[in-house]
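Beneath this line is the structure, given in structure tokens, with notes to follow.
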Amino acid sequence: SVSLPIRERRRTHMALHSITSFSDDAQFFVGGKREWDLWSVLRRPGGGLPLYRHMQFRLPAATIEHVLQSARLARVLDELCGGQQEARETLSKEARAIMVGMGHTMSTGVLRFMAYVVGKTIRVIYPDIRFVPEQLEAIKQAIPDTPVLYLPTHRSYMDFLIISYLFFVLNCPVPIIAAGEDFQRMAVVGNLLRACGAFYMRRSFGRDKLYWTLFSEYVETMVSNGDAPLEFFVEGTRSRAGKHLHPKIGLLSVACQPFFNRAVSDITVFPLAITYHERMEGHLYVDEMLGTPKPKESLSGLVRARTVLQHNHGRMHVRFARGFSLREFVGQRVSRRCPNNEERPHVVTEAQREVVTDLAFRVIECQKRVLVVMLPSVLAAVGLHLAHSAPLQTAATSADGRVVVDRRELLRQAARVVAWVADVGFDVDTTELGCDTEQQAVHSALATLQPAVADQCDAETLTLHLWPPYPAFNALLLAHARNELLHVFAAEALLLCAYDCVQQMSARPRTTGLPLRDTQATFELLRDLVYNDVLLPDRASTPIHVHFRNALQRLEFMKVLRCDAAQSTLQELQHPLAPFMCSLILPFVQCAACVLRFFLNLPVNAPVLTTAAAVEQIREANSLLVNTHHLHADVLSANAITNSLFSLHRMNLLAKKDTGIFLCRTAAATKKANEVAHILRLATPLGFATASLQGEGATPRFSGGARSTASFSPTARL
């Protein structure tokens with residue numbers, strides 16, 4: 001992927017709307033002065049689309065009838081009604097009402113109308129959309145042979161619209177999209193989205209067997225018949241914090257059932273990634289992470305947000321990973337059943353669940369590989385790194401919460417990071433619309449990070465408004481932008497943090513090697529602490545020592561660490577990338593430390609807290625630590641705190657009951673909690689109470705006072 005020359009980009013920007021694609025030397029434009037006026041949209045031909053060769057043409061209403069008349073639904077109705085005819089008729093009416101509310105009603109006329117409306121909107125908020133035409137050609141070639149799944153990243157509401165809009169523009173079949181039931185309740189908009197191919201599903205099914213049967217049968221029949229490509233988000237919900245979420249396998253397992261049951265011979269999976277120069281909901285996400293309730297989707301809310309739809313949010317990249325065959329991925333791991341519709345058992349076996357879980361992680365790894373790293377993310381990551389590494393003498397913190405950063409040092413380190421990211425195989429977009437010089441491009445990128453950054457184009461320094469009296473909103477806005485770089489160095493950053501902890505424990509000179517076994521054990525512990533925040537590559541079933549070995553190989557290749565296999569030791573090579581990589585992972589380690597510290601400091605007889613109450617009290621306690629220790633703002637994020645609660649519960653350090661969450665005080669848990677606290681004392685500037693098995697009314701002993709910020713910081717050690 002290459003950038004357009006400045007003159008070409010300016011000429012593109014002058015057009016009413018353009019979609020620009022980049023390959024090695026291709027420049028492909030769709031759009032023009034009258035390309036998307038209403039008359040052109042209405043006259044656009046609808047034929048010539050690539051279609052699945054075994055598809056039986058039918059209207060959306062016919063698909064619903066097929067589900068209602070299925071033998072599987074009949075068996076479930078007989079089971080639920082208990083032989084009572086009146087109850088069966090009631091359930092049949094309920095099933096029809098559910099299907100009418102769930103099913104899509106795709107209409108060519110509505111698609112044309114929405115293409116006009118969405119085109120008018122997108123050309124304002126994202127005037128530059130880039131993709132690779134060869135990737136679209138590969139999709140067109142795959143559609144006739146097998147049913148197709150599109151599995152995009154989910155960072156914005158725009159994800160719903162841009163894929164359908166792109167395929168409509170390029171004369172590809174518009175996908176059928178799984179959407180949350182929240183959108184169904186939006187007046188007017190819900191029906192418009194349904195007519196554009198959206199079908200609605202509940203966030204959770206619980207034990208509603210009737211709904212589960214209808215939903216799974218509906219999805220399976222659409223995939224089996226190949227009505228249109230099926231699109232859904234494997235992460236399940238939007239990623240507010242800018243990083244990948246752990247996948248949800250429910251809908252993915254349903255979509256794979258036609259293959260497992262031999263209803264189709266194969267399914268082609270296309271992961272794709274959508275990267276935004278600036279997410280239009282970015283400020284809203286930060287408010288949600290700081291405790292503001294999520295606004296409900298409604299038509300009135302859309303009208304109130306019209307000012308957001310009038311703002312230029314920069315560039316967007318849409319990248320498709322190479323499609324892969326589900327049959328080749330599964331291999332011989334699952335025994336496929338005979339497609340007897342009358343006796344087909346629609347139950348996900350343990351082998352299928354394991355394969356689908358691995359498939360979900362494979363999809364996320366493919367998404368990571370095609371994500372484009374944007375300039376604002378790099379600048380945010382480097383700026384936070386400099387702000388939290390005072391010994392580097394590149395930032396000066398004032399008493400009023402401002403951090404003054406040397407602009408030349410920021411650009412020097414940003415250029416170095418961009419080169420490293422490109423060296424490990426990721427695409428980087430460092431250009432800015434309408435900017436002729438590098439200085440203007442940097443100023444434009446920093447403008448997307450306001451109000452956290454105050455920058456003047458010709459100044460020698462820039463100011464970060466991170467700590468009180470400035471609101472936590474500022475620092476968390478930068479943190480979310482930084483998280484979009486996390487997937488590049490996740491495992492390597494964990495290993496370097498583990499290396500630092502082992503070095504602190506050993507008190508050896510940095511020129512001597514450290515035991516490889518101790519570093520791996522600490523790596524595994526830190527991995528468990530940030531399990532939900534950091535998704536390591538490859539499959540879920542990959543052993544942790546494989547992640548460690550792969551990360552070590554990459555760090556050796558980058559000349560960050562040296563491994564002496566004969567002595568089983570590791571030695572650092574004073575590489576300037578090391579402290580920066582640590583700064584990407586340290587915020588989540590700090591958050592886990594703050595959460596564990598909160599529970600260790602609670603009295604033994606303290607009342608049990610609900611999860612929501614625990615998050616609020618932990619955030620309140622962490623706000624004091626941020627002021628006194630200048631911790632990363634991620635410790636105030638509801639997302640990071642919730643993930644840390646999950647990780648500590650997964651490690652059996654916290655226990656959950658119906659009433660809430662509390663510290664587990666068994667002998668094994670107490671021993672492990674003290675071991676974890678010992679590691680976290682080294683990785684963070686915090687003191688910890690010692691977990692104990694003392695009786696009722698006892699107060700935990702406090703071990704270690706608050707340490708200065710400079711006492712240990714992987715971001716500052718070099």
Side-chain angles (χ1 to χ4, degrees), residues 52 54-105 147 149 176 178-179 181 184 194 199-228 230 232 248-267 326 330 334-357 359:
Y52 180 46
H54 300 299
M55 180 183 69
Q56 297 180 0
F57 291 92
R58 59 187 181 186
L59 296 174
T63 305
I64 293 176
E65 286 299 324
H66 177 85
V67 173
L68 294 174
Q69 300 301 325
S70 64
R72 179 186 177 191
L73 177 61
R75 291 196 300 270
V76 171
L77 291 176
D78 290 339
E79 178 183 342
L80 294 177
C81 72
Q84 300 180 9
Q85 184 62 28
E86 184 176 349
R88 196 183 195 285
E89 292 178 358
T90 302
L91 287 174
S92 297
K93 292 179 181 179
E94 181 181 350
R96 181 171 293 276
I98 291 174
M99 285 306 305
V100 170
M102 179 194 302
H104 73 86
T105 59
L149 301 181
I176 298 170
E181 208 173 33
Q184 183 182 5
R194 189 199 302 273
F199 69 96
Y200 297 112
M201 57 181 292
R202 296 177 184 173
R203 294 293 182 183
S204 61
F205 299 166
R207 298 182 180 276
D208 193 336
K209 190 172 184 178
L210 177 61
Y211 188 90
W212 168 253
T213 302
L214 292 168
F215 176 79
S216 57
E217 186 70 19
Y218 184 61
V219 173
E220 290 177 28
T221 190
M222 287 192 295
V223 174
S224 301
N225 192 54
D227 294 342
L230 179 63
F232 58 91
K248 306 295 190 295
I249 67 170
L251 181 52
L252 184 59
S253 63
V254 173
C256 292
Q257 280 301 313
F259 170 75
F260 292 141
N261 293 330
R262 292 192 178 183
V264 295
S265 60
D266 197 5
I267 296 175
L326 181 61
V330 173
V334 174
S335 176
R336 298 170 65 193
R337 298 185 286 259
C338 179
N340 185 343
N341 291 330
E342 296 297 329
E343 302 177 1
R344 183 172 55 181
H346 294 261
V347 178
V348 180
T349 65
E350 191 60 35
Q352 291 176 2
R353 187 181 303 277
E354 181 179 338
V355 167
V356 172
T357 301
L359 174 63

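For this chain, numbers begin at 1 and follow the sequence in order.
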Exercise. For the atom pair CD (E79) and NZ (K209), what is the distance rounded to the nearest 0.5 Å?
Worked result: 3.0 Å

Problem set entry | V76 and W212, any side-chain heavy atoms less than 4.5 Å apart | no

Seminar exercise, completed: Of I64, T63, D227, the one forming a side-chain contact (heavy atoms from CB on, under 4.5 Å) with T221 is T63

Exercise. Does a side-chain heavy-atom distance below 4.5 Å link Y52 with N225?
Worked result: no

Exercise. Is there a side-chain contact between R202 and D208 (heavy atoms, below 4.5 Å)?
Worked result: yes

Problem set entry | Within-4.5 Å side-chain heavy-atom neighbours: E65 and M99 | no

For this session: Give the intermediate values and the outcome of side-chain contact (heavy atoms from CB on, under 4.5 Å) for residues E94 and T90.
Result: CA-CA 6 Å; E94 181 181 350; T90 302; 5.5 Å; no

Exercise. What pair of heavy atoms forms the shortest contact from V334 to A351, and how long is it?
Worked result: CG2-O, 3.9 Å

Exercise. Does a side-chain heavy-atom distance below 4.5 Å link L251 with F215?
Worked result: yes

For this session: Can you measure from CZ (R336) to OG (S265) and round to the nearest 0.5 angstrom?
Result: 7.0 Å

Exercise. Under a 4.5 Å cut-off applied to non-hydrogen side-chain atoms, are L77 and S92 in contact?
Worked result: yes

Exercise. Considering the options T357, V254, L359, which one meets the side-chain contact (heavy atoms from CB on, under 4.5 Å) requirement together with I249?
Worked result: T357

Problem set entry | Q56 CD to S224 OG distance, which is reported to the nearest 0.5 Å | 11.0 Å

Exercise. Do L73 and L210 come close enough that some side-chain heavy atom pair is under 4.5 Å?
Worked result: yes

Exercise. Below 4.5 Å, heavy atoms only, C-beta onward: do F260 and T349 meet side chain to side chain?
Worked result: no

Problem set entry | Spacing of CG belonging to L80 relative to OG1 belonging to T213, to within rounding of 0.5 Å | 7.5 Å

For this session: Test R194 against Q184 for side-chain contact (heavy atoms from CB on, under 4.5 Å), laying out the working first.
Result: CA-CA 8 Å; R194 189 199 302 273; Q184 183 182 5; 3.6 Å; yes

Exercise. Nearest heavy-atom pair of M201 and A178: which atoms, and what distance?
Worked result: SD-CB, 4.1 Å

Problem set entry | Gap separating the CD atom of Q257 from the CD atom of E217, nearest 0.5 angstrom | 11.0 Å

For this session: Can you spot which of Y200, Y211, F199 makes a ring pair (Phe, Tyr, Trp, His ring centres under 6.0 Å) with Y218?
Result: F199

Exercise. Looking only at atom types and distance, does a side-chain atom of R88 sit under 3.5 Å from a main-chain N or O of G83, one as donor and one as acceptor?
Worked result: no

Problem set entry | Pair R353, S253: side-chain N/O donor-acceptor within cut-off below 3.5 Å | no

For this session: Locate the shortest heavy-atom distance separating P147 from V264; write the atom from each residue and the value.
Result: CG-CG1, 4.0 Å

